[in-house]
Amino acid sequence: MPGTETFDLFIVGGGINGCGIARDASGRGLSVGLAEMGDLAQATSSASTKLFHGGLRYLEYFEFRLVREALIEREVLLQAMPHISWPMRFVLPLHKDMRFDGETPASRLLSLVLPWMKGRRPNWMIRFGLLLYDHLGGRKILPGTRAVDLTTDPAGQGLQDRFTKAYEYSDCWVDDARLVVLNARDAATRGAQIMTRTKVVAARRDGDLWRISLQTDTGMQEVTARALVNAAGPWVSETLSDVVHVDSRAAIRLVRGSHIVTRRLFDHDKCYFFQGNDGRIIFAIPYEQDFTLIGTTDADHADPDDPARISETETSYLLDFANAYLKTQLTADDIVWTYSGVRPLYDDGAGTAQSATRDYVLKLNRDGAPLLSIFGGKITTYRKLAEHALEKLAPFMGVSDKGWTAGVALPGGDLPVTQVADHKVALIRRYPFLTEKWAERLFRAYGTEAGQILGDARTATDLGRDFGATLTEAELRWMLTHEFAQTGADVLWRRSKLGLRLTDRQAAEVEDWIKARS
Ligand SMILES: Cc1cc2nc3c(=O)[nH]c(=O)nc-3n(C[C@H](O)[C@H](O)[C@H](O)COP(=O)(O)OP(=O)(O)OC[C@H]3O[C@@H](n4cnc5c(N)ncnc54)[C@H](O)[C@@H]3O)c2cc1C
C-alpha cells in the first residue's frame, strides 16, 4: 500500500492499457500509482486472440488509420519483445462461397459497382486486400504475401482436400497476459506503484487534486493524485458514473469473444484464417506447443460484472466453422479449455457486434483536475494509445510530450529478433538438463531473464520441487517475487498457461505451496 504521497498520475485498471500508460508515464519521470481490482490482465487483456495484427478484416470497414497504425506497430512491438512475441504466417484457404458481411462499406461499394457478384469475396479482391496489407504499414522484418498450392505445401495437411489454393501472409503472435505483466514490471522498475487486488471505489476532485479511495482485503485507504486515468476496460462507463460521478456522453459497447482450445490439430507452425459465407472469420492457431486455439466470436454482452463465459451457441458456431475447413472433425468432446473476454469497444452506433469499430478514443475531462478515459483499443495499439494518452496529459503534468517507448525492450526482450534461435540454444548449453520443450517454454516466457530463474542449477532438482509440466519452485518464486502473482490461477492461467497441463491435484498443490509461503 502506498504512503501519503501525492501521485502525479493515478490509473484505474491493470489491463494492457492501464499498464502501458503506467510504463510510459513513469519513464517520463512522473510518479505513478495503478490499482487493479483483481490480478493484472485478469479481464480482457488475457482473453484476446493474442495477435499483434493490423486486422485484415478491418480493411473491409475502411478503417485505414487503425490498420496502418497497427501494422507499423507490429514490428515495433516484435523488436521490443522477441521472447513473448513472434512472427506467424497465416494461411487463408480460398473457395467460392466466401462472402462479405453485407454491412461493410467494401461490401456496399461492391454491390454498387459489381452487383452480379452478390456479396461474394472474389479471390482477386482478397489478393488486393493482402497487397494493401503488405504495403500500408512499412513492413521490414515480416515476409510478404505469397500464393500457396495446398495440394503440395505442408500447410495443406490440416485441411480438407477440397481446398487447393490459399494465400499466406504475416502477422505476429503475442502472449497477452505476459505482455501486461512485463509492462507493469517495467513501470515498477521506473518507480510506479502497482497495486493488485485493490479496487478504486470512489474518486472525487478536491481543488487541483483527486482524492481516491482504495479498497483491499485489509481495509480502505485514500491516496491523492494530480491526474486520474480511467483504464477500466469493460468497466470504463461504470467507473465514470459510479466511482468518479462524471457524466460522459461517450458510450461503450461490450462485445464478448470466446475461444476453444483442442489438442494440436495439425503438424505445422502456421495459423489458419478461415472465412465464412457471412463475412465472419475465425483463426485456428498453434497454441502452447501441443494445442490448437480456435476463435473468436462476437456476441453482445450486457453487464461487465456478468462473468464472460462461452455459450452453447458460440461453441457450436466455432466447431461448425472449423469443421467446414479442417480434416479432423471436432466435437465438443475435443475441447480441453475455453476462455472468453469482453471487448470494451467505443460505441460508434454500428449495427452488428462484429462491425463496431476497433479503434480507440481518449476523452479528456478538464472540469478541475484532469481525468482521461480510455474507450476501445487493441492489444496491438496499446503502446501508441499510451503515447497518445501522455500527449494529452503532458501539458498539465509539466513533462515531455515526446514518446520514448518505441525501441525500448521490455524485461527479457533485450535481444535482436534475429538472435532468438541462438539464445534458445545457449540456454540449453548452459543448462543441459533442460529438455528442448522446457527451454522453449522458459525462453518464450522470460527471454534473457530465464537464466536468473535457473541461477546456478546443475540439475532439475536444484530448482526445487517439480509441481508437474516442468513448473518448479524456482519458477514459482520468480512469479511471486517479480511478477505480482499471488494465487494459483495467477501463475497457472496468466503468468503461464500451465493450467492446461496440470491435473486438478497438481494445481491444488501449487495453490497450497503459495498459501504456505505467504
Ligand atoms: C475475444 C477477444 C479477442 C481479441 N483479440 C485481439 C487480438 O488478437 N489482438 C489485439 O490487438 N486485440 C485483441 N483484442 C482486444 C484487446 O484484448 C483489448 O482491447 C484489450 O485487452 C483491452 O485492454 P484494457 O486494458 O482496456 O481492458 P482490460 O484488460 O479489461 O483491463 C481493465 C482492468 O480494469 C480493472 N478494473 C475495472 N474497474 C476497476 C476499479 N474500479 N478498480 C480497479 N481496477 C478496476 C479490471 O479488473 C481490468 O483488469 C481482443 C479482445 C477480445 C475480447
- Are Asp24 and Arg383 close enough, and set up right, to give a salt bridge (charged side-chain N to carboxylate O under 4.0 Å, His left out), and what steps lead you there? CA-CA 8 Å; Asp24 193 325; Arg383 195 196 63 80; over 6 Å; no
- Any donor-acceptor pair under 3.5 Å linking the side chain of Arg280 with the backbone of Thr297? no
- Message: Is it the case that the side chain of His301 and the backbone of Asp306 share a donor-acceptor pair, with hydrogens and angles ignored and the cut-off at 3.5 Å?
- Response: yes
- Task: Could you walk me through whether Glu288 and Arg501 pass salt bridge (charged side-chain N to carboxylate O under 4.0 Å, His left out), step by step?
- Result: CA-CA 10 Å; Glu288 295 288 322; Arg501 296 171 190 276; 5.3 Å; no
Does either side chain, that of [X] or that of [Y], offer a donor lying less than 3.5 Å from an acceptor on the other one?
X      : Y      : result
Arg256 : Ser340 : no
His95  : Lys165 : no
Thr145 : Asp134 : yes
Thr380 : Glu73  : no
Ser311 : Glu314 : yes
Glu69  : Tyr360 : yes
Trp235 : Asp305 : yes
Asp176 : Ser45  : no

- Task: With side chain to side chain contact (heavy atoms under 4.5 Å, CB included) as the test, would you mind laying out the steps for Ile84 and Arg444 before giving the verdict?
- Result: CA-CA 5 Å; Ile84 61 164; Arg444 284 304 179 189; over 6 Å; no
Should we count [atom1] of [X] as having more than 12 external heavy atoms under 6.0 Å?
X      : atom1 : result
Arg162 : CZ    : yes
Phe128 : CZ    : no
Arg190 : CZ    : yes
Arg264 : CZ    : yes
Gln329 : CD    : yes

- Task: Decide if the gap between the ring center of Tyr167 and the ring center of Phe273 is smaller than 6.0 angstrom.
- Result: no
Any salt bridge between [X] and [Y], counting N to O under 4.0 Å?
X      : Y      : value
Arg185 : Glu449 : yes
Lys424 : Glu440 : yes
Asp401 : Arg28  : no

- Message: Quick check on side chain to side chain contact (heavy atoms under 4.5 Å, CB included): which of Leu318, Val255, Thr49, Ile281 does Thr296 satisfy it with?
- Response: Thr49
- Determine the sole option in Thr189, Val408, Val32, Leu182 for which the side chain to side chain contact (heavy atoms under 4.5 Å, CB included) test with Arg23 is passed. Val408
- Task: May I have the step-by-step check of salt bridge (charged side-chain N to carboxylate O under 4.0 Å, His left out) for Arg441 and Glu475, ending in yes or no?
- Result: CA-CA 12 Å; Arg441 183 179 75 72; Glu475 189 175 353; 2.7 Å; yes
- Task: Would you check, one step at a time, whether the test side chain to side chain donor-acceptor pair (under 3.5 Å) holds for Asp171 with Tyr133?
- Result: CA-CA 10 Å; Asp171 264 323; Tyr133 203 69; 2.8 Å; yes
Can you find a pair of side-chain heavy atoms, one from [X] and one from [Y], that are under 4.5 Å apart?
X      : Y      : answer
Asp161 : Lys327 : yes
Val180 : Tyr382 : no
Cys271 : Val91  : no
Thr381 : Glu387 : no

I need the minimum non-hydrogen distance between [X] and [Y], along with the two atoms involved.
X      : Y      : answer
Leu362 : Ala389 : CD1-N, 3.6 Å
Pro82  : Gly413 : CD-O, 3.3 Å
Asn183 : Gly20  : OD1-CA, 3.9 Å
Leu94  : Ala166 : CG-CA, 4.1 Å
Thr292 : Leu265 : OG1-N, 2.9 Å

- Note on the structure: The single option from Phe321, Phe266, Phe163, Phe283 that satisfies ring-ring contact (aromatic ring centres under 6.0 Å, His included) with Tyr272 is Phe266
To the closest 0.5 Å, what do you measure between [atom1] ([X]) and [atom2] ([Y])?
X      : Y      : atom1 : atom2 : result
Asn323 : Leu330 : CG    : CG    : 5.0 Å
Leu393 : Leu390 : CG    : CG    : 6.5 Å
Asp422 : Arg429 : CG    : CZ    : 8.5 Å
Thr448 : Leu415 : OG1   : CG    : 6.5 Å
Asp269 : Met88  : CG    : CE    : 7.5 Å
Ile11  : Leu372 : CD1   : CG    : 10.0 Å

- Does NZ or CZ of Arg263 lie under 6.0 Å from the centre of the six-membered ring of Phe291, at an angle within 45° of the ring axis? no
- Query: So is Arg494 actually on top of Phe484's ring, under 6.0 Å and inside 45° of the axis?
  - Reply: no
- Anything under 30° is parallel, anything over 60° is perpendicular, the rest tilted; go ahead and classify His259 against Tyr339. parallel
- Task: Dump the intermediate steps for side chain to side chain contact (heavy atoms under 4.5 Å, CB included) on Met479 and Ser496, then the final yes or no.
- Result: CA-CA 9 Å; Met479 293 171 178; Ser496 77; 4.1 Å; yes
- Task: Step by step, work out the side chain to side chain contact (heavy atoms under 4.5 Å, CB included) result for Val229 and Val12.
- Result: CA-CA 6 Å; Val229 171; Val12 188; over 6 Å; no
- Task: Test side chain to side chain contact (heavy atoms under 4.5 Å, CB included) on Arg139 and Leu142 and set out the steps.
- Result: CA-CA 6 Å; Arg139 188 176 45 81; Leu142 301 173; 4.0 Å; yes
- Message: Run the salt bridge (charged side-chain N to carboxylate O under 4.0 Å, His left out) test on Arg495 and Asp39 for me, step by step, so that the C-alpha distance in whole Å, both residues' side-chain angles and the decisive distance to 0.1 Å come before the verdict.
- Response: CA-CA 10 Å; Arg495 304 308 176 276; Asp39 181 26; 2.6 Å; yes
- Message: Using side chain to side chain donor-acceptor pair (under 3.5 Å), reason through Arg89 and Ser170 one step at a time and then give a plain yes or no.
- Response: CA-CA 5 Å; Arg89 295 292 282 170; Ser170 291; 2.7 Å; yes
